[in-house]
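Each chain gets a letter, A, B and so on, in the order the sequences are listed, and its residues count up from 1. If you're wondering where the values come from, they're calculated on a predicted model, not measured in any experiment.
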Amino acid sequence: RRAAAAAAAARRAGASGGTMNTFFSPAGGGLFLGEICANTSNTPQAWYNPGEGGDWIDVFLNISPFAWAYLGLALSLGLSVLGAAWGVWATGTSLVGAAVKAPRIKSKNLVSVIFCEATAIFGVIISIILLGKVSTDGNAAILEKNCASVFFGGYSIFWAGFSVGVTNLASGITVGVSGSGCALADAQDSSLFVKILIVEIFGSALSIFGLIIGIIQSQNADFTTN
Amino acid sequence: MVVVFQKPGGLSTFNMHDGFAEALVRGFRLGFLSENDYRSILQCENLSDVKLNLQESDYGSFLADVNEVTPSIVREKALEKLVAEFKYLRSIADEPLASFLDYITYDYMIDNVMLLLKATLNNPDVDVVALLKQTHPLGQFDESVYKSIVAFENSAKGYAELYQSVLIDTPIGKYFGRFLAEESHKASQDASAVQNLLDNMPTTKLEASLRKLYLEDFMHFCQVLGGETGDFVTELLKARADAAAINITLNSFGTRLNEPESRRNERMALYPSIGNLYPEGIDKLSDVGDESELASILRTYPVYRVIFDKHQRGDKTIDDAFYEREVELNELAFEGQFNYACFYSYVRLKEQEIRNLVWICECIVQRQKERTNDHFVPIFSHDSDFRKQK
């Protein structure tokens, strides 16, 4: 298998002659593609013409799916927490300022902060779910597994994490900005609190959409099939 | 040229730096006297009852250490409360909010300088300490500045000296500098005209020019800040500029400035170059000779037509009509969140409230409560004229 991979690499190196080719297709054909997936029945190699030489598909196919999976994990957690923190910053300053002259608002308006916090918790939940789907066997043990499903697993976990992260970012900022308005309105007239809370609830629903879709996206990710 | 390194944030980033300050101002908004407060004050027979009634409001025990309450003491103490709140805001403010709040105080600095200049010109041996008590607390200078103003001599050279030695270091020094530069430019063309003007009405021209330069500078600053702050505060400043232009014209009737040869030369230079009246309205205003001409020009501006009609019918003085308009605009400024307009409006509305309070106290002291509505402008009230017409 190594010989075939080397031959494939040499063919590619000879055919294009461009600098990208030699950089992204090192001798040996690149670790993941050349060594691990070469000549298996469902390899991505079947998806492109080897004679054409190095191309962007070489770049992507040589990135380990584990890189994609853990990047998705980081995005889901990091962006969710960024959104939640931004929201708490926006609503917390208004809450503290308005409570100076209207101290009665301070307990009720903590609900806004809690809604922002919930966004971060959704991010953590998804991260844990996604983490469970990634096999801990590592690159070497993938040798026996189905190459296509490994790639699918990596990509689906990345995009699930990304969609959850970005929706939670948007939701966190939304809840923060409307929570700020809620605190100020409550200070002026306490009957407004419940009405504006409904706006915040709708803002919070955005992160739930992300959660649902993220779970569906990553449902079939499975690093472990043979 | 104004350099602003940090601009106020937009919808999602404003609270990062200025959220606490804005929420604080909106808390202070809760402290405005309501219709019920005014009604209960109006039922008082003397000022000690007023003091008791005000204890229920946000003013609380602001008159606590005062034995003999007079309207001027009420004004002084109410201003102290405003200054305490303003200083608190200023102390927690980040840039550029801090610069914005400073700009608000320059207005009162101009008032204070003009107060001292006028007093000195009328009476060279004026009592500085008594004068200092009348200055507005929001625009305070060092005492040395005040002493130098009192000691200056009334001549072109005197103004230049005053500027170089003392005023150049104050924040309003740049307005003085620009005014003197323009005057010396004119003097190089026609020396007698300047001396004439300084002899006859130095303070009117000086005050109008300083106010004009200040409004233009503030407007430029707000436009550099941009965003909603730029939009809203410039509207408020434009209204002030228009009021200034119309007032200058109205006050010039019967004085030297109204003579046909000095209308374009001198009076036009006092009009601010910002505002809804600028440039066509200002152009037309420059030729106006009496009230009927003024009325015919203002007919094309619906807002000012209404205001001038009230003045001509005698319902309200022109000042009160403009105060009502200002209150209407400043109340609207509180409608939008995440901009600086509420800070400016808060100070202006508080000033109006203090005027209201002092006027009511005067009416009570002189036992003429029926005259209360002459100079009273309701704030955040459903009784406001502009609300009732809707």
Side-chain angles (χ1 to χ4, degrees), chain A residues 79 82-106 108-110 112-113 115-116 119 166-193 195-196 199-200 203-204 206-207, chain B residues 8-35 57-60 81-82 84-94 97 101 227-228 331-343 345-346 349-350 379-382:
Chain A
L79 289 177
L82 177 63
W86 195 327
V88 174
W89 196 353
T91 192
T93 51
S94 284
L95 174 58
V96 169
V100 170
K101 283 294 200 177
R104 58 180 165 80
I105 69 166
K106 57 186 189 299
K108 273 208 291 193
N109 280 277
L110 284 176
S112 306
V113 178
F115 271 126
C116 290
T119 310
V166 171
T167 50
N168 281 354
L169 176 64
S171 164
I173 299 175
T174 306
V175 175
V177 170
S178 44
S180 153
C182 185
L184 296 179
D186 192 14
Q188 296 287 331
D189 178 3
S190 32
S191 64
L192 290 175
F193 174 72
K195 309 271 160 49
I196 302 184
V199 176
E200 285 185 60
S204 209
L206 299 174
S207 59
Chain B
L11 186 67
S12 47
T13 48
F14 183 86
N15 276 1
M16 291 183 182
H17 292 283
D18 307 314
F20 181 68
E22 189 189 0
L24 214 51
V25 164
R26 287 179 187 273
F28 292 148
R29 182 201 183 285
L30 280 172
F32 278 95
L33 295 174
S34 64
E35 299 158 6
S57 70
D58 194 55
Y59 278 91
K81 174 177 181 282
L82 168 61
E85 292 172 351
F86 189 83
K87 285 211 163 94
Y88 183 34
L89 276 176
R90 179 65 182 81
S91 66
I92 49 127
D94 241 349
L97 179 59
L101 292 174
E228 280 179 0
E331 286 186 24
L332 286 175
F334 274 94
E335 302 279 311
Q337 205 184 342
F338 307 126
N339 57 66
Y340 292 160
C342 54
F343 293 94
S345 297
Y346 158 71
L349 286 173
K350 213 57 184 180
I379 303 172
F380 290 128
S381 148
H382 293 287

Handout entry: Contacting region of B:F14 [heavy-atom separation from chain A under 4.5 Å]
Key = neither
Practice task
Output the option from A:I173, A:V96, A:L95 having the highest count of non-hydrogen pairs under 4.5 Å with chain B.
Solution key: A:V96
Handout entry: Nearest heavy atoms of A:V177 and B:L11, plus distance in Å
Key = CG2-O, 3.8 Å
If the cut-off is 3.5 angstrom, what donor-acceptor pairs do you find between chain A and chain B?
unit_1	atom_1	unit_2	atom_2	d
A:W86	NE1	B:S12	O	2.9
A:A90	O	B:N15	ND2	2.6
A:T93	OG1	B:N15	O	3.4
A:S94	OG	B:N15	ND2	3.3
A:S180	OG	B:N15	ND2	3.1
A:S180	OG	B:Q337	NE2	2.8
A:Q188	OE1	B:R29	NH1	3.0
A:Q188	NE2	B:R26	O	2.9

